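Predicted model, so just to flag it, every value in this text is computed and none were measured. In what follows, every chain begins at residue 1, and chains take the letters A, B, ... in the order their sequences are listed. Below, each value reflects all heavy atoms present in this structure, side chains not excepted, and no hydrogens, waters or symmetry copies.
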Number of protein chains: 2
Amino acid sequence: LRTNGSLCSICADRATGKHYGAASCDGCKGFFRRSVRKNHAYTCRFSRQCVVDKDKRNQCRYCRLKKCFRAGMRKEAVQNERDRISCRREGQAAGSLSISVLLQAEASTQQFSSWTPAAHSDITAKKIALVGDVCESMKQQLLLLVEWAKRIPDFCELPVDDRVCLVIDSAPHLGGGSAYSLCWNSHDDLPVTGNDFVIPVSGPELEVSKVAARILEELVRPLRELDITDSEFACLKAIIFFAPDCPGLESPQPVRRVRFQAQVLLDEATCEQRGRFGELLLMLPPLQSVAWQMVEQLQLARLLGEASVDSLLQEMLLGEGASAAATASTAAATRASDNFTSVILPVPTGKFGSIYHFNMLNLRGAFLKFSRQADSEQYF
Amino acid sequence: LRTNGSLCSICADRATGKHYGAASCDGCKGFFRRSVRKNHAYTCRFSRQCVVDKDKRNQCRYCRLKKCFRAGMRKEAVQNERDRISCRREGQAAGSLSISVLLQAEASTQQFSSWTPAAHSDITAKKIALVGDVCESMKQQLLLLVEWAKRIPDFCELPVDDRVCLVIDSAPHLGGGSAYSLCWNSHDDLPVTGNDFVIPVSGPELEVSKVAARILEELVRPLRELDITDSEFACLKAIIFFAPDCPGLESPQPVRRVRFQAQVLLDEATCEQRGRFGELLLMLPPLQSVAWQMVEQLQLARLLGEASVDSLLQEMLLGEGASAAATASTAAATRASDNFTSVILPVPTGKFGSIYHFNMLNLRGAFLKFSRQADSEQYF
DNA sequence: CTAATTAGGTCAAAGGTCTA
DNA sequence: GTAGACCTTTGACCTAATTA
C-alpha cells in the first residue's frame, strides 16, 4: 500500500520505501539501524555467501549486513539523536578521487575490450594459451590501462614523466593480463586471459602452468571467497596503480596522496565488515609476487626461444632494444588499436642497458624516452 | 509483571504472553517450539487423556503437545532457526593471538639481542657493512626469529613442517636484517644492521648501497612519518610472518586465520586514525620488494666472489649445498647461539638443486630436510 | 499548506542461552 | 538429550521532521 510495488533490495520482501540509501523492508531497515548503532561485528558461520531472502534473512546476520551495504545502505545515514533528522541532502566527499570516478573509468574502458562477460560461458571453446598468447593479452591490456588512467583526473594532473612511470610500473600488475585482469576474468578453476585464452594448470608449457596454479590458488580463490565487489575492485586497482615507490618518479608525494585517497575509499567501500579491508589489501603482496613471476617466465621463455615475444611488449616489459622486426610488429600494434582514442606509439629503437631492475621493469627507460618526444605528450 | 494475571492455556501456569497463538508460559512455549522444529512424533503411554497442568505437564509429551494445538498454537508461527546471538563463544573463537602476546614475544627476544637501542647513539663508531656483515646480521636475526615465533601459541600449534616453512619463507622479510629489522634499527639517514654495522648509501659496494637507499626511501622514511608504535610494529611482523601463500605449506588455512587475527589486531591498534591502518599494510609490498632485492644482491655477490657468504646462511637463503667450509662455520654458528634456548642445527650437506624458486627461497628444502630429523622437532 | 518521504522509536512476540 | 527461567532480536506500526 505505502510502497509502489518495489521490493526490498536486500531480502526481496515488500519494501516500505528507501531507507539509509536503499529500497528496503522495515525488517532490514531496523536491522541496519541496530547494527550500525551498536557497532555490531557479526561473523558468518559459513563461507560468507549465505542467501539472504525473506525466509532466510535471519539466518546469518553477517551476510545480511553485508547485503545491506552492497544494496547501497550507508551507515552515515543512520542518525544518532532524535532531533538530527536534519541535513538529508547528499554529501559529496572532499577529494577529487571518488568511487564513481573509478567505476566510470572502469566502465568506459570495458567497452573497448573485445571480451565481454557474456561471452564467458563456453570454456571449452577457448584456445589454450601459450606464452605468446599471454604476451598478446598483456599488450592489449596495457593499451586499456592507458585509457583507464586518462579518465582519472588526479592522474592527468601529474607530470607527464610520472604518468609514464606509473603506467609502466603497474603494467605487470594491471595492464599485464598476468595478475589483475586474470583474476577478474577467470573461472574458479581456469585462468582466462584478456584475449580469451585459457591458461591450463597442466598444459604443454610447464612454467606457464605453474603461474596459472599460483594465480588460482593465491589470487582467484581468495578473491572469490571474499566475493569482492566492483567498487572494491576499482579501489584496489587504483591503489596498485598509484604506487609512490614506483622507480623513476619525479614527485612521489602527489602519487602517495592519491593512493591514500584510494585506500580510504576502499576502506569505506568495505562497509565496516570486520577484517575485510585488511584482507583486500593483503592481496597486494601475492599479486606483486605473481606479476613478477609472470615477467620472469616471459623472460625465460624468450631466452629459450620458446615464444616470439612481440617486440613492443619486449621493449616495454623486458627493457631490451627493439629487434629487426620491431617496425612491422609495432605497426601492427598501432593498427590493432585504431579504435582507441590514444595509442602507445612505437618505441624508438635503442638499447636501454641490461641492468636488472629489481622491480623487473626496465621498461621505464623505454617509456621515458618515448615520453620525451614532444608530440607524444598528447597521448598521456 | 509482563503477565497481566493471565494463565497458560495449556498448563495453567503463569502465562508470559501470547505465544504461537495461545497465552502460555515459557515452558509450554519452549516445548512447542522444540517439538515443531524437530518435528517430534510423541506417543502416549496411556489413553491420550492425560492431565496437563503445572505439575504433570512433563509426564506426557503427546498430550502436552495435543493441548498446545487445542489451545490455539499454530505450528506456522514457529520460525526457522536464526543466527546465533552468543558473544561468549567469540571470546574463545577470537583466538589466542593478542597484542600482549605479540609484545611479549618481541620483548623476550629483544633480550637475546646483543644490540640495544641505548647503544644506538654513536653512529660514527659503527663499522661500515660489507655484504658479509649483512649476511652475518641476517643469520643472527634468523635465530631470533625462531625464538620469537616459539612464543606465539598459534605458531606452536601448527604442524612442524609448516612451522619450518613459515620461518624460512619470512626469513628475508623478518629474520634477514634485510628489511624489517633494518627499518627498526635504522637512523633516519643510515640503515643499521642487527649486528651494529651501518649500510652506507654511498659505500664501497654499489649494489649494497642501492639497497640501502631503497630501505631508507621506501621503508624507513614512510615508517618514520607514520611514527609507528610498538604495538603496530608487532602486529605488522605477525602479519608478514603468518603468510598463508607461503610455498610448501601443508595446511594454509590455520595460518590464514592467524594472519586475519593479526590484521584485525593491527586495525584496532591504529585507534581509528583515518587511513592509518591502510598505510601500514601498504608497507608490505615495498618490504617484500626490498627483501627480494636483498636476497638477489647476496646471490649476485656470491657469484662475483665478493663476499664469503656463510655456509649456513648460504644453505638457507640461496638453496645451495654446503661448501667445504660448512662444518667449521656452522660450528661457529652453533657456538654463537649457545645462549639461545634452541639453536638451528647445522644443515646436513647436500645439494638442493638450482631451480630458481620465485620467492627466492630455496631454503625450504634445506629446512624441511632438517625438520625431518626426529630429534630436531624439539627445536621448533 | 498538504502530501510524500524517511528519519527515529516502541514493544509483543519471535528468537536464543544455559544451568540443572 | 530436555526443560524452562531469562535474555536478545525482530519487525509491524507509530510519530515527527523535512521537502516538493
Side-chain angles (χ1 to χ4, degrees), chain A residues 1-4 6 8 10-11 13-38 40 42 45 52 54-62 64-65 68 72-91, chain B residues 1-4 6 8 10-11 13-38 40 42 52-62 64-65 68 72-91:
Chain A
L1 49 171
R2 60 183 297 104
T3 162
N4 43 6
S6 62
C8 173
I10 291 102
C11 68
D13 195 359
R14 273 243 269 272
T16 61
K18 285 186 97 177
H19 300 292
Y20 311 112
S24 53
C25 64
D26 270 335
C28 290
K29 170 198 164 189
F31 171 75
F32 187 75
R33 183 180 54 224
R34 284 190 299 270
S35 300
V36 170
R37 285 260 178 80
K38 294 184 179 172
H40 268 313
Y42 306 125
R45 291 179 294 149
V52 180
K54 184 171 164 28
D55 290 331
K56 295 192 267 295
R57 65 188 176 197
N58 281 315
Q59 286 181 8
C60 179
R61 291 179 295 169
Y62 177 93
R64 189 183 191 182
L65 185 58
C68 283
M73 285 190 171
R74 294 164 300 112
K75 77 177 206 300
E76 303 80 45
V78 176
Q79 298 157 2
N80 245 335
E81 291 172 38
R82 178 65 209 212
D83 49 22
R84 286 277 287 164
I85 297 187
S86 51
C87 35
R88 215 193 276 169
R89 66 174 189 277
E90 311 285 311
Chain B
L1 43 174
R2 65 178 294 100
T3 158
N4 42 8
S6 63
C8 173
I10 291 102
C11 70
D13 194 359
R14 268 240 265 275
T16 61
K18 287 186 95 176
H19 299 292
Y20 310 111
S24 52
C25 64
D26 268 334
C28 291
K29 169 198 166 191
F31 170 76
F32 187 75
R33 180 178 55 218
R34 282 190 296 270
S35 301
V36 170
R37 283 258 180 81
K38 295 186 178 170
H40 273 312
Y42 307 123
V52 182
D53 60 19
K54 182 170 165 27
D55 294 327
K56 296 191 272 291
R57 65 190 177 196
N58 281 317
Q59 287 181 8
C60 179
R61 288 170 171 169
Y62 177 92
R64 188 183 191 181
L65 185 57
C68 282
M73 285 191 172
R74 294 164 299 107
K75 68 172 194 284
E76 302 78 42
V78 175
Q79 303 173 357
N80 286 326
E81 256 187 84
R82 286 187 185 173
D83 199 3
R84 300 272 157 79
I85 288 176
S86 175
C87 37
R88 257 164 290 223
R89 201 175 59 88
E90 197 174 4

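Distance, B:I10 CD1 to D:dG4 C1': 14 Å, rounded to whole Å. Atom-to-atom, NZ of A:K54 to P of D:dA12 comes out at 7 Å; the value is rounded to the nearest Å. Atom-to-atom, CD of B:E81 to P of C:dG16 comes out at 6 Å; the value is rounded to the nearest Å. At whole-Å resolution of the value, CZ in B:R33 and C1' in C:dG15 are 6 Å apart. Rounded to an integer number of Å, the gap from B:I85 CD1 to D:dT8 C1' is 4 Å. In this structure, CG of B:D26 is placed 11 Å from C1' of C:dA13, rounded to the nearest angstrom. To the nearest angstrom, C1' of D:dA3 lies 10 Å from CZ of B:F31. For A:F32 and D:dT10, the CZ to P distance is 14 Å, given to the nearest whole Å.
When distances are taken from the side chain of B:K38 to each of C:dG8, D:dT2, C:dG16, the shortest belongs to D:dT2.
Between the A:S24 side chain and the A:A22 main chain, a donor and an acceptor come within less than 3.5 Å of each other. The backbone N or O of B:R82 sits nowhere less than 3.5 Å from a side-chain atom of A:R61 that would complete a donor-acceptor pair. Distance alone, capped at 3.5 Å, is enough to place a donor-acceptor pair between the B:R37 side chain and the B:Q79 backbone.
A salt bridge between A:R64 and B:D83 is absent, with no side-chain N of the basic residue lying under 4.0 Å from a carboxylate O of the acidic one.
For B:K29 and D:dA3, the shortest distance from a side-chain N or O to OP1 or OP2 is not below 4.0 Å. For C:dG15, one of the phosphate oxygens OP1 or OP2 lies less than 4.0 angstrom from a side-chain nitrogen or oxygen of B:R37. At the phosphate of D:dT2, OP1 or OP2 sits under 4.0 Å from a side-chain N or O atom of B:H40. Using a 4.0 Å cut-off, some side-chain N or O of B:Y20 falls inside it from OP1 or OP2 of C:dG15. OP1 and OP2 of C:dT17 both lie 4.0 Å or more from every side-chain N or O belonging to B:R34. Here B:N58 reaches the OP1 or OP2 of D:dG4: one of its side-chain N or O atoms lies under 4.0 Å away. Within the 4.0 Å cut-off from OP1 or OP2 of D:dT10, not a single side-chain nitrogen or oxygen of A:R57 is found. One finds a side-chain N or O of A:R64 lying less than 4.0 angstrom from the OP1 or OP2 phosphate oxygen of D:dG11. OP1 and OP2 of D:dT10 both lie 4.0 Å or more from every side-chain N or O belonging to B:R82. When the side-chain nitrogen and oxygen atoms of B:K18 are compared with OP1 and OP2 of C:dA14, none of them lie within a distance under 4.0 Å.
Nearest-nucleotide positions on DNA chain C for B:N80 and A:G21 put A:G21 closer to the 5' end.
Among the heavy atoms of the strands lying under 4.0 Å from A:R61 are primed sugar atoms or P, OP1, OP2 only; no base atom is included. Within 4.0 Å of B:G27, counting heavy atoms only, lie sugar-phosphate atoms of the nucleic acid but no base atom.
A:H19 and A:M73 make their closest contact through O-CE, 3.5 Å (heavy atoms, listed as atom of the first residue, atom of the second, distance).
In this pair, B:Y20 and B:F32 present their aromatic rings tilted. The plane angle is within the 30 to 60° band.
In this structure C:dC1 sits in no base pair that meets the Watson-Crick or G-U test at under 3.5 Å.
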